[in-house]
Amino acid sequence: SRKRYMKLCSAKRRNSRPVPGIRKMKIKILVAVDLSPATARIVQVTERIARGMSGEAWLLHVAEAEPDLVGFDAGPKVVRDQVAKEFREEHKQVQQYADQLRDAGIDATALLVRGPIVDTVLKEAKRLEADLIIVGSHGFGALYDLLVGSESRGIMKKTELPVLVVPIKDDDETSGG
């Protein structure tokens with residue numbers, strides 16, 4: 001009877017054909033990263049999700065808004081040069097994470113955008129027509145969220161898209177993954 005069962009299963013696989021008009025869906029994933037050591041864990045989860053759902057990923061790091069956009073003078077050339085250097089370094093880090101995903105066979109793009117975090121993530125999700133947003137949550141607790149606010153919570157409150165929150169534990173922060 002086991003032999004007969006295996007024969008039936010084999011016949012079903014041979015006879016199965018794709019349904020006309022239905023193609024394999026490719027999910028679009030926007031991944032918000034803060035470039036802390038915990039980013040490695042978020043990228044690891046993204047790889048598993050993207051691989052399982054034939055997904056493509058955009059790794060987004062939102063950099064601080066330019067000082068003159070929030071009412072401050074841009075400052076002397078030394079300050080502007082330092083900000084530009086930090087911006088280039090952040091872009092390089094995001095690019096390295098995207099390279100890691102590409103090496104794993106995932107279609108990935110690195111993005112570095114200036115602006116307020118929650119609004120920028122939501123704007124990019126809309127622009128890219130994302131199907132899913134992945135964020136990390138450090139889980140500091142209710143008091144921290146009350147005093148400082150939670151970017152992950154802000155994204156979840158303002159979007160209609162599904163949001164996958166990757167919990168970040170202390171060992172993720174200190175070990176880099």
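We use all heavy atoms of the structure for the numbers below, so side chains are in, but hydrogens, waters and symmetry mates are not.
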For side chain to side chain contact (heavy atoms under 4.5 Å, CB included), just list the numbers for R41 and V45, CA-CA rounded to whole Å, side-chain angles, deciding distance to a tenth of an Å, and then say yes or no.
CA-CA 6 Å; R41 169 112 170 92; V45 169; 3.6 Å; yes

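- With hydrophobic clusters built from ILVMFWY side chains whose heavy atoms lie under 4.5 angstrom apart, L59 shares a cluster with M53.
- No side-chain heavy atom of T159 sits under 4.5 Å from any side-chain heavy atom of K126.
- The structure places NZ of K92 at 5.0 Å from CD of E89, a figure rounded to the nearest 0.5 Å.
- Without hydrogens or angle criteria, H61 side chain to V33 main chain gives a donor-acceptor distance under 3.5 Å.
- Counting all heavy atoms, side chain and backbone alike, A63 lies closest to F87 at CB-CE1, 3.8 Å.
- Here the closest heavy-atom approach between residue K26 and residue D131 is recorded as O-OD2, 4.0 Å.
- Under a 4.0 Å N-O distance rule, the pair E47/R51 qualifies as a salt bridge.
- Contact annotation: the side chain of Y97 approaches that of L35 to within less than 4.5 Å [non-hydrogen atoms, C-beta and beyond].
- Among residues two or more places apart in sequence or in another chain, the salt bridge (charged side-chain N to carboxylate O under 4.0 Å, His left out) test is passed with R48 by none.
- A single hydrophobic cluster is not seen to contain both L112 and I42; linkage of ILVMFWY side chains at heavy-atom distances under 4.5 Å, directly or through other members, places them apart.
- In terms of heavy-atom proximity, P116 sits nearest to T120 at O-OG1, 2.6 Å.
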Just list the side-chain donor-acceptor pairs under 3.5 Å for residues 99-109, sequence neighbours left out, or say none.
from: D99; atom 1: OD1; to: R102; atom 2: NH2; distance (Å): 2.3
from: R102; atom 1: NH1; to: A108; atom 2: O; distance (Å): 2.5

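- Hydrophobic clustering places I49 together with V166 (ILVMFWY residues linked when any side-chain heavy atoms are closer than 4.5 Å, directly or through intermediates).
- Alongside L161, the hydrophobic cluster contains L30, W58, L60, V62, L111, V113, I117, V118, V121, L122, L128, I133, V135, I155, M156, V163, V165 (criterion: ILVMFWY side chains under 4.5 Å).
- Here the closest heavy-atom approach between residue V31 and residue I29 is recorded as CG2-CG2, 3.7 Å.
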